Amino acid sequence: MSDPLVSRMREFGTTIFAEMSALAVRTGSINLGQGFPDTDGPDSMLERAVEAIRSGANQYPPGPGTPELRQAVAEHRERHYGLGYDPDGEILVTVGATEAIAASVLALCEPGDEVIAFEPYYDSYAASIALAGARLSAVTLRPVDGRFTFDPAELRAAVTPRTRAILVNSPHNPTGTVFTRAELAEIAALCQDHDLTAITDEVYEHLTFDGVEHVPLATLPGMRERTVMISSAGKTFSVTGWKTGWICAPPRHVKAVQTVKQFLTFTAAAPWQLAVAHGLRHELDWVAALRDSLQAKRDRLMGGLAAAGFEVLKPSGTYFVQTDIRPLGFTDGLELTRRLPELAGVVAIPTQVFYDHAERGSHFVRFAFCKKDEVIDEAADRLKRLSAGEA
Ligand code: PMP
Ligand code: GLN
């Protein structure tokens, strides 16, 4: 029988996160692959969700999201970034950032349009672009002095008359790069010169280290009016299973994205929205403490990985560390990560699956550090087997 899956989705198969988490469960390995924390979000926010359910917030909320969350998002944007968004018409609550990305691409891109994204890129970008019948044009981030960045000339060369949008993820998964103002200014100039829409994935906006500041692209001159800014509660409050995100954008863009979103999910789950509104209003100190604790975990895992023989690249944000596997005598990260449970009882993510030019990332492997200290230590200890000749 022929494959019932539409041809434009056939290349996608199962996500690497699902594959690697299943491998971890099957082999009883420590899972430093999929990025999810092994501790819960702030107590008062969890309590607010329980209370919301018990007090009857169990029917469809309004399509754009509950007014409480839209108001809390507007206040937060204003306070943190000095960006004013009207809760009525400039904010749309989505089922995680994933839906926000898919609905934005589907709403804003015609078949045949091109969308620029930096590779390695988060896997849902390519799938959303394919669903829209558009084409992804990948600009490669390469390590320069231990930090992944792009060549502005390569970025400019990626624009064609069909380019419609650029997807910008900062802090960047999977490299941990936080774009500087100078890098963002290059992107902003490109958007303005070629009339591109920027879709910014800022799910790690609060998780930056060493005093590095996250700068939203929409804060650069002339960018607010052409940027669809995407956030999510999942990473900010360690509730990745709540799948609650939002878009902030000019009214025309929000209307376009909502037109698509209403037929994907219509609205997002009610109790989480009330709880996330509470979190944005009352738990930002908790988020600051999470950031500090993650910085210490980053350093802990980096030390362990270096001791195990990896070359380690220091991230300025996110949950993830990139490693170069060549000092250990390996060259293919996909092959290594598939064998890693058997070699060391640990699961990681092969970075090459996030590239169009897979060969440019074949020697990189991503490890997540959003785990308890004892889990990180045990994983680091096990990974020493790789260089101890046991592999
Ligand atoms: N974008 C990036 C860069 C991510 O790492 C993730 C995973 N949190 C998402 C989007 C998806 O976010 P959500 O779980 O809110 O859909
Ligand atoms: N964002 C998480 C990561 O990059 C995983 C999300 C997912 O499983 N799709 O690891």
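In each ligand, atom 1 is the first atom listed, and ligand 1 is the first ligand listed. Keep in mind that what you see is a predicted model, and the values were worked out from it rather than measured.
- In terms of protein heavy-atom proximity, atom 14 (O) of ligand 1 is closest to K243 NZ, 3.1 Å.
- For atom 7 (C) of ligand 2, the nearest protein heavy atom (residue, atom name, distance) is F17 CD1, 3.5 Å.
- Ligand 2 has an N or O atom lying under 3.5 Å from an N or O atom of Q34, backbone or side chain.
- The closest protein non-hydrogen atom to atom 15 (O) of ligand 1 is S232 OG, 2.6 Å.
- Contact annotation for K235 and ligand 2: only side-chain heavy atoms (C-beta onward) come within less than 4.0 Å of the ligand.
- The protein heavy-atom contact nearest to atom 7 (C) of ligand 1 is K235 NZ, 3.1 Å.
- Of the charged side-chain nitrogens involved, none lies within less than 4.0 Å of a carboxylate oxygen, so that E205 and K235 do not count as a salt-bridged pair.
- Between G33 and ligand 2, no N or O atom pair is found at a separation short of 3.5 Å.
- Ligand 2 lies within reach of Y122, whose nearest heavy atom is under 4.0 Å from it.
- Considering only non-hydrogen protein atoms, atom 9 (C) of ligand 1 sits nearest to Y122 CE2, 3.5 Å.
- Within the listing of ligand 2, atoms 3 (C), 4 (O), 10 (O) sit less than 4.0 angstrom from a heavy atom of R366.
- Ring geometry, Y121 versus Y125: the interplanar angle falls under 30°, so the pair is classed parallel (tilted spans 30 to 60°).
- Atom 4 (O) of ligand 2 has its closest protein heavy atom at N173 ND2, 2.8 Å.
- Classification of E75 and R281 as a salt-bridged pair holds, one side-chain N sitting under 4.0 Å from a carboxylate O.
- Ring-plane geometry between F367 and F310 is classed as perpendicular, the angle between the planes exceeding 60 degrees on a 0 to 90 degree scale with a lower cut at 30.
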Worked verdict on F36 versus F17 for ring-ring contact (aromatic ring centres under 6.0 Å, His included):
CA-CA 11 Å; F36 60 91; F17 306 115; over 10 Å; no
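- Proximity of A97 to ligand 1, defined as any heavy-atom pair under 4.0 Å, is shared by backbone and side chain alike.
- In terms of protein heavy-atom proximity, atom 2 (C) of ligand 1 is nearest to D201 OD2, 3.3 Å.
- In the vicinity of G35, heavy-atom distances shorter than 4.0 Å reach the ligand 2 atoms 2 (C), 3 (C), 10 (O).
- In F320, the part holding a heavy atom less than 4.0 Å from any atom of ligand 2 is the side chain.
- When only non-hydrogen protein atoms are considered, atom 11 (C) of ligand 1 lies nearest to T98 OG1, 3.3 Å.
- For ligand 1 and N169, the ligand atoms under 4.0 Å from any heavy atom of the residue are 3 (C).
- For V312 against A306, the heavy-atom pair with the smallest separation is CG2-N, 3.7 Å.
- Residues E114 and S137 have side chains that never bring a donor and an acceptor to within less than 3.5 angstrom of each other.
- Between F148 and F364, the gap from one ring centroid to the other is short of 6.0 Å.
- Against a heavy-atom cut-off of under 4.0 Å, Y204 is close to the following atoms of ligand 1: 3 (C), 4 (C), 5 (O).
- No donor-acceptor pair closer than 3.5 Å links the side chain of H172 to the backbone N or O of T318.
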